[in-house]
Number of protein chains: 2
Amino acid sequence: MSSRPTIKEVSKIAGVSFKTVSRVLNNEKHVSEETRRRVEEVVARLNFRPSHAARTLAGRRSFQVALLYDNPSPYYVYHVQTGAQQRCSELGYRLLLQPVDSQSPDLVSNVMALIDEAHLDGVILSPPVTEIPALLDELDRRGLPYVRIAPGARKEAGMAATIDDVAAAREVTEHLIGLGHRAIGFIRGLDSHVSTWERLQGYREALAAHGIAFDEDLVVAGENSFTSGGEAARKLLERRPRPTAIFAGNDDMAAGVLAAAHESDIDVPGQLSIAGFDDSDLAKAVWPPLTTMRQPVRELAYAAADLMLSPETGQQVTLEHKLMVRATTGPAPR
Amino acid sequence: MSSRPTIKEVSKIAGVSFKTVSRVLNNEKHVSEETRRRVEEVVARLNFRPSHAARTLAGRRSFQVALLYDNPSPYYVYHVQTGAQQRCSELGYRLLLQPVDSQSPDLVSNVMALIDEAHLDGVILSPPVTEIPALLDELDRRGLPYVRIAPGARKEAGMAATIDDVAAAREVTEHLIGLGHRAIGFIRGLDSHVSTWERLQGYREALAAHGIAFDEDLVVAGENSFTSGGEAARKLLERRPRPTAIFAGNDDMAAGVLAAAHESDIDVPGQLSIAGFDDSDLAKAVWPPLTTMRQPVRELAYAAADLMLSPETGQQVTLEHKLMVRATTGPAPR
DNA sequence: GGCATATTTGACAGCGCTGGCACCGCGCAA
DNA sequence: TTGCGCGGTGCCAGCGCTGTCAAATATGCC
């Protein structure tokens with residue numbers, strides 16, 4: 001058993017008190033350069049790793065934060081995780097990845113249990129966990145720091161990293177308008193996601209700005225899934241005159257639209273242009289590759305972690321979106 | 001501040017020693033039913049949550065295990081996480097989700113650091129972290145329990161949850177042969193994944209079993225990505241006579257093949273059949289929906305966690321794969 | 001040189017639990 | 001009756017660190 005040298009052994013070998021070793025490990029000041037070097041050398045040689053549990057128990061901070069998510073999209077979850085984890089580990093924090101059930105009545109108490117058990121220093125909320133007032137209130141009440149990624153409600157309050165969904169959706173729509181499309185279908189996402197309504201608003205603003213009347217019949221509800229995208233598309237494609245373009249609220253639904261078009265032998269983009277939203281991995285894996293709005297999920301999560309953990313950074317950050325024009329959009333027919 | 005009732009307050013209110021409360025929390029025997037009930041009632045009322053850090057520090061177990069992964073596929077990672085996390089939380093363990101860099105020379109020491117810092121009770125390895133001899137050796141040396149998900153090397157040793165990759169690939173190939181295909185291209189995955197070679201072997205066995213000569217020119221290397229699948233497909237489609245079917249080592253590459261076929265106006269499955277492997281989310285999002293071999297990733301991870309944490313379960317488990325016949329495979333042309 | 005102030009170090013308590021052991025009281029065999 | 005086993009309980013040490021405070025030493029300034 002080579003295992004677990006303790007801080008006391010280190011201090012004995014280095015010839016200092018174990019409190020001094022603790023100072024070195026925590027990068028505190030008031031340690032002479034020489035002592036620091038000596039201790040670090042011993043630490044490295046013995047391969048000493050301080051017990052996280054002991055630090056947590058003894059100190060006031062645990063260096064642990066949790067990322068809460070409840071999102072069915074592997075793509076989204078993966079990138080949120082990656083971004084947050086990177087910033088946390090850069091700053092010496094451990095990130096607990098916690099899937100939760102945002103519909104559950106026990107959500108708040110489950111999260112509080114986690115906070116207590118793990119002595120969390122803060123939490124990162126990703127949509128749709130960002131939209132649960134009871135949770136936000138309880139977090140505020142306990143004074144626990146938290147950041148939200150792309151929050152819909154209470155935007156102004158607290159720390160958050162966002163994109164401008166309205167502007168992004170406006171740009172997508174304007175791209176379509178610029179290609180000559182006038183009858184543009186829109187497939188909404190889940191009602192419970194605030195972004196759904198913001199994207200719809202962006203779509204309407206673009207129409208209005210270009211003098212195109214808003215037609216309620218061209219807006220269909222979807223559920224953010226591939227299947228629901230296909231169903232919504234079939235409804236839209238029955239309309240006469242048929243829309244020449246469809247803007248879906250996310251890429252999964254856009255892929256569904258694309259499949260529906262293939263099924264009906266409608267040429268994309270010759271007879272129908274399709275645009276998505278997210279720029280998920282899917283966008284490049286379908287054929288033709290999907291025109292979509294890139295949402296920097298990884299970077300949002302990175303920025304969120306940064307906001308919460310490095311005090312200098314401000315309270316809010318808005319990141320840039322970017323239209324990825326690929327091959328599913330083209331000039332409107334005739 | 002309502003926060004953090006401690007075990008002492010609970011014991012005071014319940015009128016027992018705090019050691020007895022600890023016994024109740026840990027479900028130890030030698031506590032009378034009545035006492036247990038009383039304590040549980042107080043625990044619930046105060047909303048008491050034992051400090052994980054303190055338990056870890058005082059006891060010999062931390063009730064923490066880690067899942068190590070280094071896989072570029074969001075789909076795979078998501079499902080591995082979900083399966084492992086579910087079983088862990090059912091059994092009262094916390095699961096740390098740890099991305100690692102399996103190429104890094106520091107991998108072993110990084111993992112050992114994690115083990116020491118977090119006092120891990122065990123680790124779950126997913127491919128390709130399963131294939132690093134130095135890591136397995138060090139784990140063995142320290143006597144730390146670990147399970148592997150779909151290991152390639154040293155299959156017999158230790159705990160593992162697997163599928164039979166050879167048989168699965170054989171079945172895919174036989175499906176194609178059954179449809180009349182004789183010239184079947186095969187796109188290999190990454191050289192470093194053992195499953196790559198097992199799938200190739202299954203492909204060869206099926207050919208042999210049906211008296212079809214193995215043609216080396218029909219096997220092309222890919223890199224498990226969409227792009228590499230497209231490139232490999234273009235090579236295969238140059239061959240004369242052109243293969244009438246392509247079996248790709250995973251779904252991403254199969255999607256690449258499909259895109260390449262669309263690009264060249266090759267009808268799928270009329271002129272070319274395509275099969276993948278994994279049944280990832282992608283398989284249903286492309287058009288036409290992909291015929292593929294379903295690999296129960298979630299269930300594998302669930303079983304792996306179970307093997308490690310519930311002692312009754314054995315050492316090894318093999319789960320069933322299942323061919324998902326969808327729309328990219330059809331009868332061989334003429 | 002003397003005194004105030006800053007830097008560097010150590011002693012010690014205690015974070016909230018678990019493990020080990022002693023203890024109490026009871027029933028049952030001897 | 002004594003003795004023993006055993007279910008039920010409490011006492012205490014101590015896990016490996018951090019926070020606090022005080023002591024020792026160095027530095028600056030008139």
Side-chain angles (χ1 to χ4, degrees), chain A residues 1 3-40 42-43 46-64 92 94 113 115-121, chain B residues 1 3-40 42-43 46-64 92 94 113 115-121:
Chain A
M1 287 293 152
S3 41
R4 290 225 128 281
T6 122
I7 199 171
K8 282 192 189 155
E9 309 182 35
V10 173
S11 65
K12 211 157 293 171
I13 296 179
V16 294
S17 78
F18 78 93
K19 174 66 215 193
T20 300
V21 177
S22 164
R23 286 198 178 91
V24 173
L25 293 174
N26 290 286
N27 250 306
E28 289 174 25
K29 49 190 175 186
H30 300 318
V31 180
S32 72
E33 261 320 300
E34 207 241 298
T35 311
R36 185 181 299 274
R37 218 187 317 280
R38 190 148 37 92
V39 170
E40 273 168 353
V42 178
V43 165
L46 294 195
N47 231 283
F48 168 73
R49 305 292 174 173
S51 156
H52 199 268
R55 289 162 70 109
T56 299
L57 189 56
R60 12 184 138 290
R61 297 199 295 166
S62 69
F63 296 95
Q64 283 192 139
R94 194 205 291 315
I115 291 171
D116 282 345
E117 282 172 12
H119 304 250
L120 295 186
D121 290 342
Chain B
M1 286 299 150
S3 41
R4 289 223 130 282
T6 121
I7 199 171
K8 282 193 188 153
E9 309 181 36
V10 174
S11 64
K12 211 158 292 171
I13 297 178
V16 293
S17 79
F18 79 92
K19 172 68 215 195
T20 300
V21 177
S22 164
R23 285 198 178 90
V24 173
L25 293 174
N26 289 288
N27 252 307
E28 289 173 27
K29 51 192 174 184
H30 301 318
V31 180
S32 72
E33 259 322 298
E34 207 240 300
T35 312
R36 185 182 298 274
R37 217 185 320 279
R38 190 149 35 91
V39 171
E40 274 167 354
V42 178
V43 165
L46 294 196
N47 230 284
F48 168 72
R49 305 293 175 174
S51 156
H52 196 124
R55 288 161 70 111
T56 299
L57 190 55
R60 10 184 139 292
R61 297 199 296 166
S62 69
F63 295 96
Q64 282 192 140
R94 193 206 289 316
I115 292 171
D116 283 343
E117 282 172 14
H119 304 248
L120 295 185
D121 291 341

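Computed over heavy atoms, backbone and side chain alike; hydrogens, waters and symmetry mates excluded. Every chain is numbered from 1 and lettered A, B, ... according to where its sequence line falls, protein lines coming before strand lines.
Checking D/dT18, D/dG10, D/dA13 against every side-chain atom of A/R55, the shortest atom distance belongs to D/dT18. Checked against C/dA11, D/dT18, C/dG16, the side chain of B/A58 finds its nearest nucleotide in C/dG16. Relative to the side chain of B/P50, the nucleotides C/dC15, C/dC17, D/dT18 differ in distance, and C/dC17 lies closest. Here the nucleotide nearest the side chain of A/E28, chosen from C/dG20, C/dG10, D/dG19, is D/dG19.
Take the nearest nucleotide of DNA chain D for A/K19 and for A/A53: the residue whose nucleotide is more 5' is A/A53.
Computed from C1' positions of five pairs at each end, the angle between the two local axes of the helix from C/dG1-D/dC30 to C/dA30-D/dT1 equals 40°, rounded to 10 degrees.
Not one side-chain nitrogen or oxygen of B/T20 sits closer than 4.0 Å to the OP1 or OP2 atom of D/dT9. Look at B/R61 and you won't find any side-chain N or O under 4.0 angstrom from OP1 or OP2 of C/dC17. In terms of phosphate contacts, B/S22 brings a side-chain nitrogen or oxygen within less than 4.0 Å of OP1 or OP2 of C/dT18. The shortest distance between the side-chain N/O atoms of A/S17 and the OP1/OP2 oxygens of C/dG10 is below 4.0 Å.
When rounded to the nearest whole Å, the span between CG of B/L57 and P of D/dC17 equals 9 Å. Atom NZ in B/K29 sits roughly 16 Å away from atom C1' in D/dT9 (whole-Å rounding). What separates CZ of A/F18 from C1' of C/dC12 is a distance of 8 Å, to the nearest Å. Between B/N26 atom CG and C/dC17 atom P the separation is 11 Å, expressed in whole Å. For the pair B/K12 NZ and D/dG10 P, the computed distance is 14 Å after rounding to whole Å. As a whole-Å value, the separation of B/I7 CD1 from C/dT18 C1' is 9 Å.
Scanning for side chain to side chain contact (heavy atoms under 4.5 Å, CB included) contacts around A/R36 gives A/V24, A/N27, A/V31, A/E33, A/E40, with sequence neighbours left out.
Nucleic acid contact for A/R23: base, since at least one base atom lies under 4.0 Å from a heavy atom of the residue.
Within residues 30-39 of chain A, the residues approached by DNA chain C to less than 4.0 Å at the level of any non-hydrogen atom are A/H30, A/V31, A/S32, A/T35, in residue-number order.
Not a single donor-acceptor pair under 3.5 Å links the side chain of A/T56 to the backbone N or O of B/A53.
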